[in-house]
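Residues take their numbers from the sequence shown, with the count starting at 1. What you see is a predicted model, and the numbers here were worked out from it, not measured in a lab.
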Amino acid sequence: MKRFERLGEARTPDGSLLELFRHDGSYLIRADGIELMSTRRHLSEDRLAVVACAPLRDVSGARVLIGGLGLGFTLRAALEQLGPDAEVVVAELMAEVIGWNAEPAYGISVEAMRDPRVRIVHDDVVNVLRANPGGFDAIMLDTDNGPEGMIMQENARLYTDRGIALTMAALRAPGRIAYWSVEDDRGFLRALRRAGLTVETEHVRAHGNARAMHTLYVATPRG
């Protein structure tokens, strides 16, 4: 049996332990011992970028925001969808996660991060949203496990009425917001609709023929 090689660790602001492992050529991040993401399971992260960015393929100067770098799959998929003059801003709170993705020895997201269209911001995505009113044609939020987070309590702010309003304020009409969630959350769906958003729900397999299905909420302002 091939062993799990522990490559690094980081502590979140509220004390959760993130660890990067390599196993049989793949990489994964665990949060307090529970697998959070893996290079073997990323179909839903890819799809998050497609539903948000595909409509912008022919939009000149499109500007999008990704909340949460993860293992870079949403970033890479967004770059495939967008034109040569687009800008992709990625907000990542954990410096260690940025470092893991940029490490040449790992090869996780090195090339994507070197793309001239990409700007990595080491900050809380809430601060980036607040600093960019009307600044983005699409916003993709994949923080924690979605509305029911498991890492940082701070992430819950994004899924409250106030957080939804803040995200909407950073959107440039006729943009869209795409949220990733590990599972359905009816309360969050109601909150999105209550905020004046039209919401489409999509279920995507974690990988291949896996039984696990993740949920994407694609929200657009009414009117």
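- A donor-acceptor pair is defined here as one N or O able to donate and one able to accept, closer than 3.5 Å; no such pair exists between the side chain of Asp124 and the backbone of Leu93.
- Closest heavy-atom contact between Ala219 and Val199: CB-CG2, 4.3 Å.
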Step by step, work out the side-chain contact (heavy atoms from CB on, under 4.5 Å) result for Thr167 and Tyr179.
CA-CA 11 Å; Thr167 305; Tyr179 294 88; 4.1 Å; yes

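- Sequence neighbours left out, the pairs with a member in residues 51-80 that pass salt bridge (charged side-chain N to carboxylate O under 4.0 Å, His left out) are Arg63-Glu87.
- When the side chains of ILVMFWY residues are joined at heavy-atom separations under 4.5 Å, either directly or via intervening members, Val50 and Ile139 end up in two distinct hydrophobic clusters.
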Take Glu103 and Ile108 through the side-chain contact (heavy atoms from CB on, under 4.5 Å) test and state the conclusion after the steps.
CA-CA 7 Å; Glu103 172 56 57; Ile108 299 173; over 6 Å; no

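- No donor-acceptor pair closer than 3.5 Å links the side chain of His122 to the backbone N or O of Glu92.
- Expressed to the nearest 0.5 Å, how far CZ of Arg172 lies from CZ of Phe136 amounts to 8.5 Å.
- Under the 4.5 Å side-chain heavy-atom criterion for ILVMFWY residues, no single connected hydrophobic cluster contains both Met37 and Leu28.
- In this structure, the side chains of Leu56 and Leu82 come closer than 4.5 Å at one or more pairs of heavy atoms.
- Remark: Arg30 qualifies as a cation-pi partner of Phe21 under the 6.0 Å distance and 45° angle criteria applied to the six-membered ring.
- In terms of modelled atom types and a separation under 3.5 Å, the side chain of Arg176 and the main chain of Pro55 share no donor-acceptor contact.
- How far CG of Leu197 is from CE of Met168: 4.0 Å, rounded to the nearest 0.5 Å.
- Scanning both residues, Trp100 and Leu18, for their nearest heavy atoms gives CH2-O, 4.1 Å.
- Listed for the Arg117 side chain is a donor-acceptor partner under 3.5 Å among the backbone atoms of Gly83.
- Using the six-membered ring where Trp is involved, His23 and Phe4 have ring planes that are parallel, under 30° apart on the 30 and 60° scheme.
- Minimum heavy-atom separation, Ala105 to Tyr27: O-OH, 4.0 Å.
- Between His42 and Phe73, the ring-plane angle classifies as parallel under the 30° and 60° cut-offs.
- Although no hydrogens or angles enter the test, the distance criterion places no donor-acceptor pair under 3.5 Å between the side chain of Ser109 and the main chain of Ala112.
- A pairwise comparison of heavy atoms in Asp184 and His203 identifies OD1-NE2, 2.8 Å as the closest pair.
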Can you list the steps and then say if Met113 with Val90 is a side-chain contact (heavy atoms from CB on, under 4.5 Å)?
CA-CA 10 Å; Met113 292 174 69; Val90 184; over 6 Å; no

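- Using a 4.5 Å cut-off on side-chain heavy atoms (C-beta onward), Asp24 and Arg40 make contact.
- Within the 4.5 Å cutoff, no side-chain heavy atoms of Asp185 are placed close to those of Thr215.
- For the pair Val125/Leu158, a side-chain contact is recorded, criterion being any heavy-atom separation below 4.5 Å from C-beta on.
- Side chains of Ile164 and Phe188 form a contact here, defined as non-hydrogen atoms less than 4.5 Å apart.
- How far CG of Asp32 is from CG of Leu36: 10.0 Å, rounded to the nearest 0.5 Å.
- The backbone N or O of Glu111 lies less than 3.5 Å from no partner atom in the side chain of Asp115, so there is not a single donor-acceptor pair.
- Annotation: Arg162, atom CZ; neighbour count of heavy atoms from other residues, nucleotides and ligands within 6.0 Å does not exceed 12.
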If you apply the rule side-chain contact (heavy atoms from CB on, under 4.5 Å), what do you find for Leu20 with Arg6, and how did you get there?
CA-CA 6 Å; Leu20 175 69; Arg6 187 172 178 275; over 6 Å; no

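- Within the model, atoms OG1 of Thr74 and CG of Leu79 stand 11.0 Å from one another, a figure rounded to the nearest 0.5 Å.
- Annotation: Glu200, atom CD; neighbour count of heavy atoms from other residues, nucleotides and ligands within 6.0 Å does not exceed 12.
- Nearest heavy atom pair, residue Val204 against residue Ser44, reads CG1-CA, 3.8 Å.
- Distance check, rounded to the nearest 0.5 Å: CZ of Arg41 to CG of Leu43 gives 11.0 Å.
- In this structure, the side chains of Pro174 and Thr220 stay at 4.5 Å or more apart for every pair of heavy atoms.
- Residue Gly175 comes nearest to Pro221 through the heavy atom pair O-CD, 3.5 Å, listed as atom of the first residue, atom of the second, then distance.
- How far CG of Leu48 is from CG of Leu75: 12.0 Å, rounded to the nearest 0.5 Å.
- You'll find the side chain of Lys2 stays beyond 4.5 Å of the side chain of Arg22, heavy atoms only.
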